[in-house]
Protein chains: 2
Amino acid sequence: MNDIKQFLRSNALRPTKQRIVIAGYLFDGIDKHVTAESLSTELAKRKHIISLATIYNTLHDFYENGLLKKLTLSADRVYFDTNTDHHHHFYSEKEQFLIDINKNIKVNGLPKTPKNKKINKIEVIVHLD
Amino acid sequence: MNDIKQFLRSNALRPTKQRIVIAGYLFDGIDKHVTAESLSTELAKRKHIISLATIYNTLHDFYENGLLKKLTLSADRVYFDTNTDHHHHFYSEKEQFLIDINKNIKVNGLPKTPKNKKINKIEVIVHLD
DNA sequence: TCAACACTTTAGAATCATTCTAAACTGATA
DNA sequence: TATCAGTTTAGAATGATTCTAAAGTGTTGA
């Protein structure tokens, strides 16, 4: 709890009740993929009612501070990943699930980067049926 | 023109005025990436006013028949790619542009596919700044 | 050629994730 | 503990996309 407060402070985020609850859930040591909706539902189960606006705000605050990765895999919901190490994903659109690939993947044969651009990151998504 | 009609018929799509215009634009031999909005604008420039609903319908009809690839790269607009060969992309979220990578890319080091699942496709997105 | 019908198009309403607004609230600081 | 910047929130707004249901149009068989 005080850990969480410190954790938030060290990221220049004021440790409010809501952020503590959300961070406590997200960063409990088990990597997770959440959407605003799924997070809201999960917290509600634990009797923590936090407005959706705050959930969106908080996810973005965390994302902007590098505490979450953002994944746009389908047009109708954005996923946030608590695993911020560089990694890739298995994804099933049909079943809407996401699995981290934590092995080292190599991508070979890339053409040269367009003029005046820099590669930010390479994202590999393995789509499953 | 008759080519386009045949082309549509061969894909079990009735060659309506609107589909002929849209297919004529999309499949002119030059690969393109469009969104519903960009397509609508492009056709309007050419004095072809087609309702957005029809543009969405048609893009999906084409997509379902394998004439277009669908790319969900940002949450707020879906791209359709006239290049349906298996290929990858450079993508700049900031500048909202998309470049096909037509070279052969190899992805090495994938872990084994989750039980009872099959790989549908592997998508590599090279994010640029 | 044409009637008949299934397939299409369309305007406008509806949907739904996400963002915005402006007011109430609260952690931090002196 | 008063003050104020940073937060939370309900509810409205946004914007891409989908839906609805009515009008329009290819296609086909005679």
Side-chain angles (χ1 to χ4, degrees), chain A residues 1-2 4-25 33-44 48-65 67-68 70-80 93 96 98, chain B residues 1-2 4-25 33-44 48-65 67-68 70-80 93 96 98:
Chain A
M1 168 67 170
N2 277 319
I4 295 175
K5 284 194 183 184
Q6 279 320 308
F7 170 74
L8 289 170
R9 281 210 189 83
S10 70
N11 281 286
L13 292 165
R14 197 179 276 189
T16 65
K17 292 194 198 77
Q18 294 84 346
R19 283 175 178 164
I20 290 167
V21 166
I22 294 175
Y25 171 72
H33 301 109
V34 303
T35 64
E37 205 62 49
S38 78
L39 179 53
S40 169
T41 303
E42 215 45 54
L43 296 177
H48 290 119
I49 306 304
I50 298 177
S51 78
L52 254 190
T54 297
I55 289 180
Y56 276 105
N57 288 341
T58 304
L59 286 172
H60 285 124
D61 292 342
F62 288 2
Y63 167 67
E64 254 126 47
N65 281 280
L67 305 178
L68 294 173
K70 184 158 67 163
L71 298 171
T72 307
L73 299 170
S74 79
D76 52 333
R77 61 208 324 91
V78 173
Y79 293 84
F80 289 89
E93 180 162 17
Q96 294 264 293
L98 205 50
Chain B
M1 170 66 169
N2 277 319
I4 295 175
K5 285 194 181 184
Q6 279 320 309
F7 170 74
L8 290 169
R9 281 210 189 81
S10 70
N11 282 286
L13 292 166
R14 199 179 274 189
T16 64
K17 292 193 196 78
Q18 294 83 346
R19 283 175 178 163
I20 290 167
V21 166
I22 295 174
Y25 170 72
H33 301 110
V34 302
T35 63
E37 206 62 49
S38 78
L39 179 53
S40 170
T41 303
E42 216 46 52
L43 296 178
H48 290 119
I49 305 304
I50 298 177
S51 79
L52 253 191
T54 297
I55 288 181
Y56 275 104
N57 288 341
T58 304
L59 285 172
H60 285 123
D61 292 341
F62 288 1
Y63 168 67
E64 253 125 47
N65 281 280
L67 305 178
L68 294 173
K70 183 157 67 164
L71 297 171
T72 307
L73 300 171
S74 79
D76 53 331
R77 59 205 330 89
V78 172
Y79 294 84
F80 289 89
E93 179 163 17
Q96 294 263 295
L98 206 48

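Here is how names work: the chains are called A, B, and so on, in the same order as the sequence lines, proteins then strands, and each is numbered from 1.
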- Task: List the steps, then state whether side-chain contact (heavy atoms from CB on, under 4.5 Å) holds for A/Leu8 with A/Phe62.
- Result: CA-CA 9 Å; A/Leu8 289 170; A/Phe62 288 2; 3.8 Å; yes
- Query: So does A/Glu93 have more than 12 non-hydrogen atoms from other groups sitting under 6.0 Å from CD?
  - Reply: no
- Task: Could you check A/Ile20 against A/Lys5 for side-chain contact (heavy atoms from CB on, under 4.5 Å), going step by step and ending with a plain yes or no?
- Result: CA-CA 7 Å; A/Ile20 290 167; A/Lys5 284 194 183 184; 3.9 Å; yes
- Task: Please tell me if the side chains of A/Thr54 and A/Thr16 come closer than 4.5 Å, counting only heavy atoms from C-beta onward.
- Result: no
- Note on the structure: Span of DNA chain D engaged by chain B, first through last nucleotide within the 4.0 Å heavy-atom cut-off, is D/dA16 to D/dT27
- Would A/Val78 and A/Leu59 count as a side-chain contact (heavy atoms from CB on, under 4.5 Å) if you check the C-alpha gap in whole Å, the side-chain angles of each, and the deciding distance to 0.1 Å? CA-CA 11 Å; A/Val78 173; A/Leu59 286 172; over 6 Å; no
- Query: Separation of A/Arg19 atom CZ from C/dC25 atom C1', in whole Å?
  - Reply: 14 Å
- Note on the structure: Nearest-nucleotide check on DNA chain D, B/Pro15 vs A/Thr58; residue mapping nearer the 5' end is A/Thr58
- Message: Parallel, tilted or perpendicular: which one describes the rings of B/Tyr63 and B/His60, with boundaries at 30° and 60°?
- Response: perpendicular
Distances under 3.5 Å only, N/O to N/O: pair up the protein atoms with those of nucleotides 15-18 of chain C.
| unit_1 | atom_1 | unit_2 | atom_2 | d |
| --- | --- | --- | --- | --- |
| C/dT18 | OP1 | A/Val78 | N | 2.9 |
| C/dT18 | OP2 | A/Tyr56 | OH | 2.5 |
| C/dT18 | O5' | A/Tyr56 | OH | 3.1 |

- Query: Do A/Asp61 and A/Arg19 have side-chain heavy atoms sitting under 4.5 Å apart?
  - Reply: yes
- Please check the phosphate of C/dT10 (OP1 and OP2 only) for any side-chain N or O of B/Thr54 closer than 4.0 Å. yes
- OP1 or OP2 of C/dG27 under 4.0 Å from side-chain N/O of A/Lys17: yes
